[in-house]
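In what follows, a structure is listed as structure tokens, so that the remarks can point back to it.
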Amino acid sequence: IAKSVKYIWNTVGNREEKFYIKVSFLEIYNEQINDLLNPGNTALQIRWDQKQGFFVEGLLVIECKKPEDIVEVLLQGTKNRKKGSHELNKDSSRSHSILTLYIITDYTTNGEHYKKYGKISFVDLAGSERLKETQSQGGMLKETGNINRSLFVLGKVISSLTEKKNSGTHIPYRDSKLTMLLMDSI
């Protein structure tokens, strides 16, 4: 991610347009959205807007002045992710996370002012787990079920998009918060 951020920053910075980059970082834990930059901001709601599609209401978005600021956001947010241990992994991520860069450029052409908006998401998916092998119980059993369910829906969405014979059929984006938030990317 750090190398990608530096490349993006340098590429945008070499253009004539004025630009700025904002960043957000969230996790999807048990189908609940938590703000990793503001740990007290939990159970956030996804909303739909005609212009921007699905978005997370109340998610903290920070403007970054240099690439190192984005890396710091990544490090800080990563500390706030849900982790747990089981038979296969002592430090297992128990959530999906999405670090999103919002790239905005300002420019003027022929006396008219314009803004361009871009978005890049870096996604870390929690791994699919077999209950028998992890020997998960209690709360971890629920976590594992939610992880596997959201990964199943992601696979279903991708399959629906790639099947030519199903063009025009319903794509189940709304079946998971993960696929809702990634809809514009996939």
Side-chain angles (χ1 to χ4, degrees), residues 1-29 33-39 41 44-83 91 93 95-128 150-151 153-155 157-162 164 167 171 173-174 176-186:
I1 293 175
K3 286 181 181 180
S4 296
V5 164
K6 189 171 185 174
Y7 175 80
I8 291 165
W9 198 281
N10 290 337
T11 301
V12 176
N14 287 333
R15 300 177 60 124
E16 291 181 24
E17 298 102 351
K18 185 175 144 187
F19 77 96
Y20 49 103
I21 295 179
K22 296 180 178 185
V23 66
S24 66
F25 198 15
L26 63 84
E27 77 175 342
I28 303 170
Y29 173 72
I33 298 175
N34 300 322
D35 190 335
L36 292 173
L37 303 179
N38 184 2
N41 214 1
L44 299 173
Q45 299 300 309
I46 295 178
R47 302 284 184 227
W48 172 261
D49 177 76
Q50 193 65 32
K51 276 188 172 180
Q52 60 183 338
F54 287 111
F55 70 97
V56 178
E57 188 175 55
L59 185 66
L60 181 62
V61 179
I62 297 173
E63 185 173 349
C64 296
K65 301 290 184 189
K66 56 188 184 281
E68 294 79 16
D69 293 347
I70 299 170
V71 173
E72 183 58 36
V73 164
L74 173 65
L75 295 173
Q76 188 62 42
T78 300
K79 290 178 189 174
N80 296 323
R81 282 191 72 186
K82 302 282 188 285
K83 292 186 172 84
D91 204 20
S93 170
S95 65
H96 307 301
S97 69
I98 304 174
L99 174 76
T100 304
L101 275 61
Y102 306 92
I103 304 165
I104 301 105
T105 57
D106 275 328
Y107 63 99
T108 304
T109 301
N110 299 330
E112 300 230 14
H113 184 78
Y114 297 95
K115 277 191 178 188
K116 282 194 234 175
Y117 297 89
K119 179 174 116 174
I120 299 172
S121 296
F122 296 93
V123 182
D124 180 23
L125 298 173
S128 177
S150 64
L151 292 174
V153 172
L154 177 61
V157 165
I158 292 169
S159 290
S160 296
L161 289 168
T162 58
K164 291 181 182 162
S167 62
I171 309 296
Y173 293 111
R174 292 179 180 264
S176 165
K177 291 187 179 178
L178 176 65
T179 52
M180 280 192 269
L181 293 176
L182 296 179
M183 181 179 164
D184 60 355
S185 299
I186 54 177

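Each residue takes its place number in the sequence, starting with 1.
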Side-chain donor-acceptor contact under 3.5 Å, E17 with T105 | no
Just checking, K18 and Y107: is the charged tip under 6.0 Å from the six-membered ring centre and within 45° of the axis?
-> no
Under a 4.5 Å cut-off applied to non-hydrogen side-chain atoms, are L74 and V5 in contact?
-> no
Residues pairing under ring pair (Phe, Tyr, Trp, His ring centres under 6.0 Å) where one sits in residues 56-75, two or more places apart or in two chains, turn out to be none
Backbone N/O of A126 and side chain of H96: donor-acceptor pair under 3.5 Å = yes
What residues, two or more places apart in sequence or in another chain, satisfy side chain to side chain donor-acceptor pair (under 3.5 Å) together with Y173?
-> none
Stacked cation flag K119 on Y102, 6.0 angstrom / 45 deg = no
N41 side chain to G58 backbone, donor-acceptor under 3.5 Å | yes
If you count the non-hydrogen atoms of other residues, nucleotides and ligands that lie under 6.0 Å from OH in Y20, is the total more than 12?
-> yes
Taking C-beta and beyond as the side chain, do L26 and D35 meet within less than 4.5 Å on heavy atoms?
-> no
Hey, is D124 close enough to R81 for a salt bridge, meaning N to O under 4.0 Å?
-> yes
Quick one: does H113's side chain get under 4.5 Å of K115's, heavy atoms only?
-> yes
Contacts satisfying side chain to side chain donor-acceptor pair (under 3.5 Å) that involve residues 62-78 (not counting sequence neighbours) are K66-D69
List the steps and the verdict of side chain to side chain contact (heavy atoms under 4.5 Å, CB included) for M183 and R174.
-> CA-CA 9 Å; M183 181 179 164; R174 292 179 180 264; over 6 Å; no
